[in-house]
Amino acid sequence: MVDFAAIRKEFPILDQQVHGHPLVYLDSAATSQKPQCVIDAESEFYRTINAGVHRGAHELAARSTMAFEDARAKVTRLVGANAEEGQEEIVVTAGATAGLNLLATAFGNASLGRGGAAAKRFALKAGDEIVVSKAEHHSVLLPFQELAARTGATFKWLNLTEDGRVRTDNLDEVITERTKVVAVTHVGNVTGAITDIAPIIKRTHEVGGIFVLDACQSVPHLKIDFHALDVDFAAWSAHKMYGPTGVGFLYGKREMLEALPPASFGGSMVELAWMDQPAQYMLPPARFEAGTQPVAQVVAAGVAAEWMMNIGMDQLEAHERTLAGELLKMGDIDGVRILGPRENVDRIGTVAFDIEGVHPHDVGQFIDAQGIAIRVGHHCAQPVHRHFGLYASNRASCGVYNNVEDVHALLEALGKVRPFFGA
Ligand SMILES: Cc1ncc(COP(=O)(O)O)c(C=O)c1O
């Protein structure tokens with residue numbers, strides 16, 4: 001049995017008062033808090049082994065490189081990818097947004113003929129199709145919309161069910177022989193709904209397309225195995241999985257990474273550079289890691305991945321499922337409308353809601369005055385808000401450190417909102 005009360009105590013930030021109340025943090029979908037071991041790992045790196053990686057013959061550079069690659073291996077284990085040297089499938093990025101932009105830019109470069117014959121599978125032209133879903137975060141929507149604009153490809157999307165799930169009943173209509181790329185979120189950052197990605201991936205591969213997963217809201221909450229899922233690429237951020245900000249990861253099937261042309265250029269990604277001949281780029285993952293990497297943050301992200309695996313992703317998932325069930329009770333409060341699935345099935349503990357007659361910002365402020373942190377706004381997902389007929393909403397989201405008391409504090413506060421505002 002995992003002692004979740006003890007786990008909560010590993011988060012120093014949670015031990016404080018806000019506006020005279022004990023802090024209740026229910027905004028983990030925006031960013032998670034960090035356990036002491038992650039905070040320590042970053043400062044320990046700077047205190048003891050700070051040096052540039054993959055270059056320099058001195059001892060600190062060797063230790064730093066080892067720590068960096070060890071962190072990559074830990075993150076690799078968390079998501080079920082290849083870790084063997086020369087077969088790595090995890091690229092370090094600056095976050096999910098950076099990883100998705102890397103991909104869209106690399107596909108754009110392939111469309112210009114870069115990367116040679118091997119990269120042809122990523123090339124797009126007028127008449128080809130890119131498919132996303134209406135549930136996407138702007139970090140998926142915009143890079144792939146831009147890619148369509150640059151290449152002349154047609155931009156299409158999968159619609160949503162009434163409760164905000166990605167529809168999979170008309171895949172053959174939307175994903176066609178002309179579809180080259182399908183990019184879909186694993187878990188909606190507004191609805192908390194887990195997308196039924198298996199049929200989408202199957203259909204994408206049937207038509208010879210490439211499937212890109214936004215795993216930002218799934219890696220922190222669900223047991224993931226990218227090989228078993230058969231996704232081609234997946235991007236996520238460390239800061240939502242108990243790791244530091246400024247760092248993220250891009251998974252790619254090894255043969256895909258080997259064929260993909262680079263998207264950013266500079267030091268540490270090139271084997272041979274000349275004045276008068278084309279450069280010869282390194283093999284993945286180095287080919288995609290131009291410039292000095294955020295080594296301390298990557299090392300700490302590796303510690304976060306190991307910390308999650310030590311809890312056990314099954315246990316973590318079960319704990320958060322209990323919290324999700326409690327959160328969904330907000331649907332019983334007068335005037336509260338849940339934006340997403342109301343049943344605790346195929347969803348995580350992220351619940352967005354609207355309170356009839358009260359502006360989301362007023363709700364957020366009222367809740368904050370009780371020491372409870374929730375999200376306010378469109379959560380970088382405007383199309384899904386339009387789907388619900390709204391511009392903005394509130395969102396409560398759980399992490400492994402939350403307990404049932406946190407959720408009950410929110411429910412109690414929510415019950416007071418409409419009476420307070422006279423709605
Ligand atoms: C589903 C989803 N995708 C992408 C992102 C972008 O992540 P980041 O801002 O860490 O790059 C987020 C962050 O909110 C998200 O929730």
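Atoms within a ligand are numbered from 1 in the order they appear, just like the ligands themselves.
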Side chains of W157 and E136: is there a donor and an acceptor less than 3.5 Å apart? no
Return the set of residues passing side-chain hydrogen bond (donor to acceptor under 3.5 Å, both in side chains) with T350 (not counting sequence neighbours), or none when no residue passes. none
Among H361, H378, H385, exactly one meets ring-ring contact (aromatic ring centres under 6.0 Å, His included) together with Y391. Which residue is that? H378
State whether a side-chain donor-acceptor pair under 3.5 Å links H205 with D232. yes
Kindly print each ligand 1 N/O atom paired with any protein N/O atom under 3.5 angstrom away, one pair per line, or none if nothing qualifies.
from: ligand 1; atom 1: 3 (N); to: D214; atom 2: OD1; distance (Å): 3.3
from: ligand 1; atom 1: 3 (N); to: D214; atom 2: OD2; distance (Å): 2.5
from: ligand 1; atom 1: 10 (O); to: S237; atom 2: OG; distance (Å): 2.6
from: ligand 1; atom 1: 10 (O); to: H239; atom 2: NE2; distance (Å): 2.7
from: ligand 1; atom 1: 11 (O); to: A96; atom 2: N; distance (Å): 3.4
from: ligand 1; atom 1: 11 (O); to: T97; atom 2: N; distance (Å): 2.9
from: ligand 1; atom 1: 11 (O); to: T97; atom 2: OG1; distance (Å): 2.6
from: ligand 1; atom 1: 14 (O); to: H137; atom 2: NE2; distance (Å): 3.2
from: ligand 1; atom 1: 14 (O); to: K240; atom 2: NZ; distance (Å): 2.6
from: ligand 1; atom 1: 16 (O); to: Q217; atom 2: NE2; distance (Å): 2.7

Decide side chain to side chain donor-acceptor pair (under 3.5 Å) for H227 and E89; before the verdict, give the C-alpha distance in whole Å, the side-chain angles of both, and the deciding distance to 0.1 Å. CA-CA 11 Å; H227 281 181; E89 294 180 310; 2.7 Å; yes
Would you check if there is a donor-acceptor pair between the side chains of T245 and H239 at a distance under 3.5 Å? no
